[in-house]
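First the structure, in the form of structure tokens, and then the observations on it.
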Amino acid sequence: MQQFPCPFCGLRNETEFHFAFEAGHPRPEPAKDVSDAEWAKYLYLHKAPKGKSSEIWLHLTCHEYFILHRDTVTREVLSCDVLPGAEA
Amino acid sequence: MSGSRHAELGRFIDRSQPRSFTFDGQRIAGFAGDTLASALLANGVHILGRSFKYHRPRGLWGMGADEPNAIFDVRLGQEHRPNQRATTTLLEDAMVVTSVNANPNAAKDRFRLMDRLHRFLPAGFYYKTFMALDWIRYEPMIRRMAGLGRVDPGYAPPADVPHLVAVCDLLIVGAGPSGLAAAHAAAQSGRAVWLVDDAAQLGGSLHRRGGQIDGADWTAFADATRYAVLNAGGRILCNTTVWGAFDHNVFSAWVRRLDGPDQHMRIRAAEVVVATGAIERPLWFANNDLPGVMSCEAALEFLQCYGALPGQRILIATANDASYTVASALAKAGAEVTLVDQRHDAPDADDITQIKSGILTAAKGKTHVQSAVVNGQDIPCDAIFCSGGYTPTVHLWCQSGGKLDWDADQDALVPRPGTSSLKPIGAAAGQFGLKAALATGHALFGNGNGPETDAVTPRAQAPVRPDPNLPGRQWIDMQNDVTLKDVGLAAREGFTSVEHLKRYTTLGMATDQGRTSNFAGLAAMAAVTGRTIPETGTTTYRPPFEPVPLSVIAGRRRGDLFNPLKRLSLEAAHCDMGARFREYGGWLRPAVYGVGAEADLAQKEAKIARDIAGIFDASPLGKLEVIGTGAGKLLDFTGYMRMSTLKPGRARYGFMLAESGIVYDDGVVLRLDENRFIVSASSSHVDGVRARLEDARQDRIGHRHVYIHDVTQGLVTLTVTGPKTLDVIAGAGIDLPDLPHMGVVETPLDGHFLRVARISFTGDRSYELTVPGRNAEGLRARLDASLKNAGGKWIGLEAVMILRAEKGFILIGKDTDGNTMPHDLGWVGPMNKRDDEYLGKRALFTPEGQSETRRQWVGLRVTGDAVPETGSHLIPTDGPRRSLGFITSSYFSPNLGRPIALALLENGRALVGTTVGCFNDGSVRNVEVVDACAFDPDWSRLNG
């Protein structure tokens, strides 16, 4: 059972979290200027790195999204950030 | 082999408390503190089971979780426990114990002749032989002949095991000498230690091997450690197995209790010490599985802890110094002992017949040991105790991600420092002997010199390997019947990786998880393939360390608690009105009301709702308040239909799409005022819709401009529908404001608020009446009386499903699947008109989204009264047969007097008016493609 830090609530069990998206993929828009390939890349072609990774997670109990930096191999949690524009 | 009980030895048993049980019908006497194994051993019962595949007679090998042979079916009163290891099951009075995989019993097994066929049943026999044949015909027979115990389907163990979540600073697994030394030093320095051991008392190997610590008997040191641990605020957990290491230092522990249900603990520890000791390896010689062949350590354990002496003329075969203690203890207890040591430089054993450079090549005997062949010479004996060295117990280390190194000096795989945060000590770290155990344990947390002992450190164990040139069958894995020849066969057929070896021969896959066989298997594979042991590697260690009952892992999560349902505020009232409940999307809701066949009741309810009036409880419908100046903007982005153009006091139907363009949810959005909306998500999608709204809020619109508040659970919604709706509401004394279709208003009622929304999920005039949960009973009672006067009826979800299907209203997830886009359902407007961004927009315009063969939403009309099955595939009426789509919903409509069906059909809208085939269970009937709305197609009843 991993523990993740929510920037708003602190360290909690992983069962309180949902993975949302890999960080660093801005939504391509407006739709009319986005090619099929670009859209498919946004939806499906993620890096899924082995090792250091930045991901968006949702803390289900407070409903805040945040950025989690972790190592997918060692399961080490490196740090967490609030979304740009938010305050913890 | 004969068995006897020593007059004095047996530190675990209480001779003042006799106990008795039956084994395969035979009455066996024992004492409190005995395990089933020790009692059977003391009574001279030597055949304890039949082997998995060949049905060979098998006796006891080990003393703990490593036991491969003595697996029992245990009944005690009503309780039934299959596949219990004799070595870890404490004897309780009146237990009824039977051997497994034996018929009628272990001693006289009907399938014993299987062993004669062994030549024809090598590893992989079943894979090779039954590939070509009809496996289904043979499977039941083979399953009957091979395997372990049977589950009694009539017995469900009570769901009474509590799950505890615990946090501790320092967890020490194993309370043998190294664990005790570590716990003592840590507690002395003020650490709060949790000291855990799977035995009933602290001490581990000290119970059988004894020893002096700090000039006194070891028990004084154990007592001092217990005192120090408790005094420093720690805990002692005996009868507790730490069975798994998981992410972020979480460990699961199974606590066995005699005076109550077992417990299960999830322990998160800041620091963990692995003091799990080592497990003795067998020796490999012909017939090394004969009853009477036992592990040296186990023999010593049974003698010292239980006073059980498993033989009188004992041959000990070894290649290490540790067995000498066993030999002298047995001799002292009165047995005639011959010590055979493979080493030419073996130490001298006083007063014991000793053969140096002695190689044991075979055991002889039919159902138990009668003699041993050493250096070509027969030596009569009734028991053979052997030791091929020790394997450190590294399961937790490896489960936590730790790697192993080959220590050639110790002839063992030992933890590689720095590969896991766990701290291995003592024998688990390959540091054998009491002196090293105490020293490595103390060194972790103590200063200066640790506990003193005069014990002599044993010399490094000599390497012992299976010899492929020996005649006869040498058993590598006794529980799964794998011989040395099977390993050779696997290698010849190319299964040289240990993981392939394991899967091909099943070596190490039994309930003992290869405790005694893995090392031999990999050593044999290394020898056959000319590789070293580290090159060959080990299989992966995974939890659990030993078999843990499913009832312990499940705990109380069974039955109603397995996946607890959400409950309606008015559940009790619905019960009183005769409701019969079922689960709908995680909610327990009335399916129908009254007595009789459910289908008939649903038909009646659907008819009355159309003819007069019906009321149903729609409370689970999501109520997500979206509040703030950014609310309209937010909902425009998250929805397919624009909501910012909605006028206050009005409602609009809409979809929420996933970014892939798939319809995720549908529902009505109400706008109460300029900056306050309510999103009515489907009852099973509330959490998901909320998460998507929050995503857009936090990542796009901005935290400060809009807030989302889920008030679903706090409100109750009763929906009144049917031609007499207005009469029912007026009769209930509710002053209904004049509302257009899709109008919404809040008015006071009985001192609280009442929200009235004129929204229809049935096609008839309907009003959703929403009040706070605590005021719901008042509303229900008013409506109930009025409903009865009008001749209407409460209707359950089954009737509601019929009503909505008659109108062709979709249910997301039932009538749509993971490919359905909004235009497939006929909603093309927003897609064609909206210039702004919304969730999933781009995906609608991909080649896939624009394909001309998309499955579209249609109705089907059939002739006759038979309802076509939901799930039936639709096929062309001529040409090659292929699926054009399938039926998503089908019912008999009591209001139309005929079956109705809804379907997703390839290019369906263009096919309206034509005929397709409906394929189900081998037969095909023709159906006409029609509009999805079957009832009241001109929508006259909405205002009627």
Side-chain angles (χ1 to χ4, degrees), chain A residues 1-8 11-21 23-44 46 56-67 70-77 81-88, chain B residues 165-167 244-252 266-270 400-401 419-421 624 637 658-662 687-705 707-710 831 834-850:
Chain A
M1 175 76 74
Q2 301 181 78
Q3 282 188 317
F4 295 149
C6 167
F8 305 90
L11 212 55
R12 301 295 177 94
N13 283 345
E14 63 175 299
T15 47
E16 290 189 15
F17 297 86
H18 266 185
F19 173 82
F21 215 70
H25 297 278
R27 187 176 192 268
E29 54 186 65
K32 61 177 169 46
D33 298 342
V34 180
S35 70
D36 290 335
E38 279 173 295
W39 187 249
K41 188 178 170 205
Y42 169 67
L43 284 187
Y44 305 117
H46 289 189
I56 314 282
W57 283 73
L58 168 64
H59 187 206
L60 296 169
T61 48
C62 75
H63 271 273
E64 294 291 338
Y65 288 81
F66 64 97
I67 304 171
R70 65 186 193 104
D71 189 306
T72 57
V73 176
T74 64
R75 302 286 169 91
E76 186 189 356
V77 172
D81 285 324
V82 297
L83 293 185
E87 298 158 27
Chain B
V165 176
V167 174
F246 300 91
D247 290 325
H248 290 189
N249 263 23
V250 165
F251 294 79
S252 45
R266 187 195 290 156
I267 305 171
R268 193 181 292 279
S400 75
T419 53
S420 161
S421 65
L624 296 165
F637 179 70
E659 281 284 40
S660 56
I662 305 311
D687 295 340
V689 169
R690 185 185 169 188
R692 285 165 158 81
L693 293 175
E694 281 290 353
D695 187 348
R697 169 187 172 244
Q698 295 171 34
D699 196 29
R700 191 174 186 96
I701 310 297
H703 276 74
R704 301 278 179 244
H705 302 297
Y707 296 89
I708 293 152
H709 188 37
D710 180 1
M831 183 176 165
R834 282 187 69 175
D835 286 332
D836 56 339
E837 280 299 313
Y838 54 88
L839 269 184
K841 179 179 184 182
R842 182 61 185 83
L844 303 179
F845 299 96
T846 55
E848 176 62 27
Q850 295 292 307

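Computation of the quantities below employed the complete heavy-atom set of this structure, encompassing side-chain atoms and omitting hydrogens, waters and symmetry-equivalent molecules. Numbered from 1 within each chain, the chains take letters A, B, ... in sequence-line order.
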### Interchain contact, A/Thr74 with chain B, by part (heavy-atom threshold 4.5 Å)
neither

### Query
Between A/Tyr65 (side chain) and B/Ala696 (backbone), is there a donor-acceptor pair under 3.5 Å?
no

### Message
How close do B/Thr846 and A/Asp36 get, counting heavy atoms only, and between which atoms?
### Response
CA-OD1, 3.7 Å

### Query
What residues of residues 11-19 of chain A sit under 4.5 Å from chain B when only non-hydrogen atoms are counted?
A/Asn13

### Partners meeting ring-ring contact (aromatic ring centres under 6.0 Å, His included) with A/Phe21 (sequence neighbours left out)
A/Tyr42, A/His46

### Task
Indicate yes or no: at least one non-hydrogen side-chain atom of B/Lys841 is less than 4.5 angstrom from one of A/Glu29.
no

### Message
Which residue in the set A/Met1, A/Glu76, A/Arg75 passes side-chain contact (heavy atoms from CB on, under 4.5 Å) when paired with B/His248?
### Response
A/Arg75

### Query
So, for B/Ser660 and A/Leu43, which heavy atoms are closest and what is the spacing to 0.1 Å?
CA-CD1, 4.0 Å

### Exam field: side chain B/Glu694 to backbone A/Glu64, donor-acceptor pair closer than 3.5 Å
no

### Task
Flag yes if more than 12 heavy atoms outside B/Asp835 fall under 6.0 Å of its CG atom; otherwise flag no.
no

### Query
Quick one: do B/Glu659 and A/Arg27 make a salt bridge, cutoff under 4.0 Å?
yes

### Task
In sequence, state the C-alpha distance, the side-chain angles, and the governing distance for B/Arg842 and A/Glu38, and then conclude on side-chain contact (heavy atoms from CB on, under 4.5 Å).
CA-CA 10 Å; B/Arg842 182 61 185 83; A/Glu38 279 173 295; over 6 Å; no

### Query
Relative to chain A, which segment of B/Asp836 carries a heavy atom at a distance below 4.5 Å: side chain, backbone, both, or neither?
neither

### Message
Is B/Arg834 in contact with chain A via its backbone, its side chain, both, or neither, using a 4.5 Å heavy-atom distance?
### Response
neither

### Message
I need the residue from A/Ser35, A/Ala20, A/Ala40 with the largest number of non-hydrogen atom pairs under 4.5 Å to chain B.
### Response
A/Ser35

### Query
What distance separates B/Ile708 CD1 from A/His63 NE2, expressed to the nearest 0.5 Å?
9.5 Å

### Query
How long is the span from the CG atom in B/Asp699 to the CD1 atom in A/Ile56, to the nearest 0.5 Å?
7.0 Å

### Message
I'd like to know which of B/His703, B/Glu848, B/Arg704, B/Arg690 tops the heavy-atom pair count under 4.5 Å against chain A.
### Response
B/Arg690

